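Just so it is clear, the structure is predicted and the values come from calculations on it, not from any experiment. Below, chain A is the first sequence line, B the second, and so on; all start at residue 1.
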Protein chains: 2
Amino acid sequence: MRVKIADVARLAKVGAGTVSRVLNGSRNVSPETREKVEACIRELGYMPNLVARGLAANRTGMISAIIPAIGYTQHAEVMQGLSDVLHENGIQLMIGHCGYSIEREEQIVTDFLERRPDAFYLTGAWHTPQTRRLIEASGLPVVECSNLTDNPIDSVVGYDNYEGARQMVHLLHSRGHRRMAIVTNAVDPNDRMADRLKGFWLRRANLVWTWTASSSATRIAF
Amino acid sequence: MRVKIADVARLAKVGAGTVSRVLNGSRNVSPETREKVEACIRELGYMPNLVARGLAANRTGMISAIIPAIGYTQHAEVMQGLSDVLHENGIQLMIGHCGYSIEREEQIVTDFLERRPDAFYLTGAWHTPQTRRLIEASGLPVVECSNLTDNPIDSVVGYDNYEGARQMVHLLHSRGHRRMAIVTNAVDPNDRMADRLKGFWLRRANLVWTWTASSSATRIAF
DNA sequence: TTGTATGCGTTATCAG
DNA sequence: CTGATAACGCATACAA
């Protein structure tokens, strides 16, 4: 049996509540008792059980994130940065990958909700109605990332894929270019790509649209 | 307040234990009551609280994995595969990245243990004594991956980096090659790389050793 | 087969 | 400032 708060309390001759207060850095504890408790914690090698804490405090210290693929650089870097900052604050990341499928995203959201995360990170602003319903019903904070939207679930962090593409084509066109091509990964469409394509088509000039067969095998022929 | 087992039990006019048994697919429940309970579960939109379950059952359904970096393809692919299979079985992955630092690995192991995972996945077989102590004391199943070792903590899945390198050099040498070069990432040494270098040095010939300044910027000059 | 009661380790409430 | 004590939501041993 692992050492728990009660053991620390007994050794320190204090109540369990006091140990808990020391653990959570409450201000309402005298320096002497705090020191005594901390000594006992070290002596017993006490290690808090965050599962129990999560149940009691109704706060797990976990944030769930869903990205298309773990190995996809763009998202991996975001996850790494997120994870770093969160970890410094005692929060862990729960990562799921949906492979550009919003149905799979819905499944992951369903499963993740059972673990009672404190917040959600979603990629893109394109979800199934049920996904949106579930998350809104949960009342959890949400960040949708990678694309802007007019009606976010909660908050969005992203850029305007449509406007970016439009400006690119506009620039090229204003410089006299007339034959342009798009090389992209069209295997699994998503809202970010859709917006970019919309931006391109605004001034299509002589547009050649090709795509990579997969993210690794490129096939181009004009 | 979210709907819990007690609510389902009340609606179905059964005991909480029965609902729990239905949830966990116990064989000891009559088809009629099972069906009735499942109907009530759907009607109420009941969603189990895995935090509470984890505390009661002493099993969280989470496995923690530590890799050097999330975006590093080799490990990302393993995480993705792991995650897929585990997810099918209701288990979630808790990923941490240590950036090739075994001290950071130790810190992550310490933090992860508080979340009571059911198992550990570690990259490499090179850890701090404290890391090994902590994990052994936890009694959790462990897989060390990417490199073989003679005294694993628990079990190992990997290949012999030393022997692989040795055989490569041997082959080249036997074909008459005498000037060879190693291009590698020497920023953060680890046991896998150490083993490979050992294998190269066995038959060094005229060995030129260079390295990439970082994983993205390559600098080679012979 | 089913219901009841107890425990899991913490936090939080409420008196002292 | 501190100590009991009641939740938290579920699993499980024990009875029925």
Side-chain angles (χ1 to χ4, degrees), chain A residues 1-38 40-41 44-62 90-91 111 113-118 138-139, chain B residues 1-41 44-62 90 111 113-118 138-139:
Chain A
M1 188 77 71
R2 252 202 193 68
V3 37
K4 48 185 154 185
I5 277 196
D7 302 319
V8 178
R10 195 178 317 119
L11 180 61
K13 298 189 205 311
V14 299
T18 302
V19 177
S20 176
R21 276 178 286 251
V22 170
L23 247 36
N24 296 297
S26 169
R27 297 278 296 120
N28 301 335
V29 53
S30 76
E32 308 88 73
T33 51
R34 170 183 300 281
E35 203 159 339
K36 184 172 57 179
V37 168
E38 284 172 341
C40 295
I41 286 179
L44 295 179
Y46 169 73
M47 176 178 280
N49 182 332
L50 298 195
V51 179
R53 173 178 296 174
L55 180 60
N58 195 31
R59 179 182 175 289
T60 57
M62 299 219 89
I91 297 180
D111 295 338
L113 276 174
E114 300 186 340
R115 301 206 175 265
R116 302 291 187 267
D118 296 331
S138 76
Chain B
M1 189 75 70
R2 253 203 191 68
V3 36
K4 48 186 154 187
I5 276 195
D7 301 319
V8 178
R10 195 177 317 117
L11 180 61
K13 300 189 203 309
V14 300
T18 303
V19 178
S20 175
R21 276 178 285 253
V22 170
L23 247 35
N24 296 296
S26 170
R27 297 279 297 123
N28 301 336
V29 53
S30 77
E32 308 88 72
T33 53
R34 169 182 302 278
E35 203 159 339
K36 184 173 56 178
V37 168
E38 283 172 343
C40 295
I41 287 180
L44 294 179
Y46 169 74
M47 175 178 280
N49 183 331
L50 298 195
V51 179
R53 174 179 295 177
L55 182 59
N58 194 30
R59 179 181 175 289
T60 57
M62 301 219 86
D111 295 339
L113 276 174
E114 300 186 340
R115 301 205 175 266
R116 302 290 187 268
D118 295 332
S138 76

Between [options], which nucleotide gets closest to the side-chain atoms of [X]?
{"X": "A:A52", "options": "D:dC10, D:dG9, C:dT10", "value": "C:dT10"}
{"X": "B:T18", "options": "C:dG3, C:dC8, D:dA11", "value": "C:dG3"}
{"X": "B:A57", "options": "D:dA11, C:dT11, C:dC8", "value": "D:dA11"}
{"X": "A:A56", "options": "D:dA11, D:dG3, C:dT11", "value": "C:dT11"}
{"X": "A:V29", "options": "D:dA11, C:dT2, D:dT2", "value": "D:dT2"}
{"X": "A:I5", "options": "D:dT2, D:dG9, C:dT10", "value": "C:dT10"}

Rounded to whole angstroms, how far apart are [atom1] on [X] and [atom2] on [N]?
{"X": "B:N49", "N": "C:dG9", "atom1": "CG", "atom2": "P", "answer": "17 Å"}
{"X": "A:R10", "N": "C:dT10", "atom1": "CZ", "atom2": "P", "answer": "12 Å"}
{"X": "A:N24", "N": "C:dA12", "atom1": "CG", "atom2": "P", "answer": "7 Å"}
{"X": "A:R53", "N": "D:dA7", "atom1": "CZ", "atom2": "C1'", "answer": "17 Å"}
{"X": "B:K4", "N": "D:dG9", "atom1": "NZ", "atom2": "P", "answer": "4 Å"}
{"X": "B:K36", "N": "C:dT1", "atom1": "NZ", "atom2": "P", "answer": "15 Å"}
{"X": "A:R2", "N": "C:dC8", "atom1": "CZ", "atom2": "C1'", "answer": "13 Å"}
{"X": "A:R59", "N": "D:dG9", "atom1": "CZ", "atom2": "P", "answer": "17 Å"}

At under 4.0 Å between heavy atoms, what does [X] touch on the DNA or RNA strands: base, sugar-phosphate, or nothing?
{"X": "B:S20", "answer": "base"}
{"X": "A:N58", "answer": "nothing"}
{"X": "B:V51", "answer": "nothing"}
{"X": "B:V19", "answer": "nothing"}

Query raised in the report: Looking only at side-chain N and O atoms, does A:T33 come under 4.0 Å of OP1 or OP2 in D:dC1?
Result: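 So the side-chain polar atoms of A:T33 never come under 4.0 Å of the phosphate oxygens OP1 or OP2 of D:dC1.
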
Query raised in the report: Should B:N28 be listed as having a side-chain N or O under 4.0 Å from OP1 or OP2 of C:dT2?
Result: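 Answer is no, no contact under 4.0 Å.
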
Query raised in the report: If you round to the nearest 0.5 Å, how far is OG1 of A:T60 from CZ of A:R53?
Result: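 Output value for this atom pair is 11.5 Å.
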
Query raised in the report: To the nearest 0.5 Å, what is the distance between CZ (B:R21) and CZ (B:R34)?
Result: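 It comes to 11.0 Å.
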
Query raised in the report: Can you check whether B:T33 reaches B:V22 side chain to side chain, under 4.5 Å on heavy atoms?
Result: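 Not touching, per the 4.5 Å side-chain cut-off.
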
Query raised in the report: Does some side-chain heavy atom of B:R2 sit less than 4.5 Å from a side-chain heavy atom of A:S138?
Result: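 Sidechains of B:R2 and A:S138: in contact.
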
Query raised in the report: Toward the 5' end of DNA chain D, which comes first, A:A16 or A:R34, by nearest nucleotide?
Result: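 Upstream on the strand: A:R34.
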
**Report entry** Whichever of B:V14 and A:Y46 has its nearest DNA chain C nucleotide further upstream toward 5'
**Finding:**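 Whichever sits nearer the 5' end wins; that is B:V14.
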
**Report entry** Closest non-hydrogen atom pair, A:V37 against A:V14
**Finding:**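 Closest pair (atom of A:V37, atom of A:V14, distance): CG2-CG2, 4.1 Å.
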
Query - Distance-only donor-acceptor test (3.5 Å): side chain B:R21, base C:dG3 - result: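 Indeed, a donor on one side and an acceptor on the other fall under 3.5 Å apart.
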
Query raised in the report: If you count the non-hydrogen atoms of other residues, nucleotides and ligands that lie under 6.0 Å from CG in A:N24, is the total more than 12?
Result: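 It does: A:N24 CG has more than 12 such atoms within range.
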
